[in-house]
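Read the structure below first, then the notes.
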Amino acid sequence: MRDWLKIKQAIEQAKTIMLTTHENPDGDGIGSIVVFQHYLRKKSKDFRILMTSQLPEEFQFLDPLNTFEIYDEKKHSEWLLNVDLALLLDIGNYDRTGLMWEAIKQNGTVVANIDHHPYPNGHPFTINISDVNASATGELVYDFLNEIEPKYLTKEVYEAIYVAIMTDTGSFSYNNTNIQCHEIAAEAIKAGVDTAKLHQMIYGSNSRSKIKLLAAVADNIQYAHHGKVAWFVIDKEMMAKSGAIQEDVEGFTDFARSIKGVEVSFMIFENSNNSCRINFRSKGFYSINKVAQYFGGGGHSFAAGAKVNGTLSETIDKVLDKTIEIMKDQERIEK
Ligand SMILES: [Mn+2]
C-alpha cells in the first residue's frame, strides 16, 4: 500500500517538479510540502511550490524564504508545461487544486499523490499512495523519508512533520490519533524539536479580529436534531464587522463540536461569488463525509467539507436537511 520506491523513482526520473496541497491549506498540507521541499533540495531538483491560496499567518514561519507561491495562470502556465512530476500532498480531492488541475491534466503531467483522505470514487493519479489509517499526511511523509533516506530526518524536517501531525490530530486528541503519530512525536523531541514552542506559535497567536468573529459566531450558534447538531453561519457582514480574514475561521467548527451533547457541527461560510463553503465535524458516531460527498465535497469521516452554489438562505436549508437525513439513516443502521 505504501510503495515508497515508486515515489522515489518518480522523483529521480523528474527534472522539474511541482508541489502543492489543497486550497485553504492547513498545517498538514503545508508541513508535508516543507518536508518534500527539504528532500528535493538535497536531491538538487528544480521545483516550485504552487498554492491555490495563501499560507495562514500562523504557518508562515514554516516558509522563511518565501518559496510558497500563489498559482497565477499568466505567470506559471508556461512553467507548468515543462513540469515532469506534480506531487500532491493531503489533497483530498484533485479539484481542490483549482485551475492548476486543468493545466496538469491538459499537459498530461505525471501526478503522484500522497494522502490519508478516502477516495470513494477512485482517483485519476499516476501514482497514488493513500492510507486512511494514517493520522496525517505528515505521518506518511515521515514514513517515506524514514524508509528511503532517514538521514534527511533533521530537526528542521521533524518540525514540519510535527506541525502536520499536531494540527491534523487536534493536538493528539481526535479519533485519528494513533500509535505511530505518538512515536513520531517522540522521535521529533529526540531530534530537538521544541514542541511547546511550536504549539504556541500555531495556537497562541490568534488575532483580535479572529476572536471578535468567534464571539459573534458563539452568539449565533443554532441547534437542531435534539441538540445533536450545532451549526452557524458566517456572512459577509460578520466578516466586515470583525475585520477578520477567511483563514480566521479555521477551528470554529471544532469549537461548535465541543459543546456538550453535540455530535455534529457545521459552518456555512458565505463566499463572495454566490457560493458557500461548508465545514463539517463529528464527534465520532456519525460519518459526516457522506454529507460532504453529497454536496460534491469530501474529507474524512469526522472532518469534511464542501462548496455549495447558491445563496446563503438556500444553502442553509439544503445543508441542514441533508445533514439530519443522513444522521437519521446512520441511526437506523445502528439500531
Ligand atoms: Mn491531512
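None of these values were measured; they are calculated from a predicted model. All ligand and atom numbering here is 1-based and tracks the order in the structure.
- Hydrophobic clustering keeps Phe255 apart from Ile202 (ILVMFWY residues linked when any side-chain heavy atoms are closer than 4.5 Å, directly or through intermediates).
- Taking the ring centroids of Phe302 and Phe280, they lie at or beyond the 6.0 Å cut-off.
- At least one N, O or S atom of Asp168 sits under 2.8 Å from the Mn ion (ligand 1).
- Classified by interplanar angle (parallel below 30°, tilted 30° to 60°, perpendicular above 60°), the ring pair His76/Tyr71 is parallel.
- The residue from Asp131, Asp90, Asn133 that alone fulfils the side chain to side chain donor-acceptor pair (under 3.5 Å) condition with His116 is Asp90.
- At least one N, O or S atom of His116, from either the backbone or the side chain, sits less than 2.8 Å from the Mn ion (ligand 1).
- Contact annotation: Asp28 places an N, O or S atom under 2.8 Å from the Mn ion (ligand 1).
- Minimum-distance N/O/S atom of Asp90 relative to the Mn ion (ligand 1): OD1.
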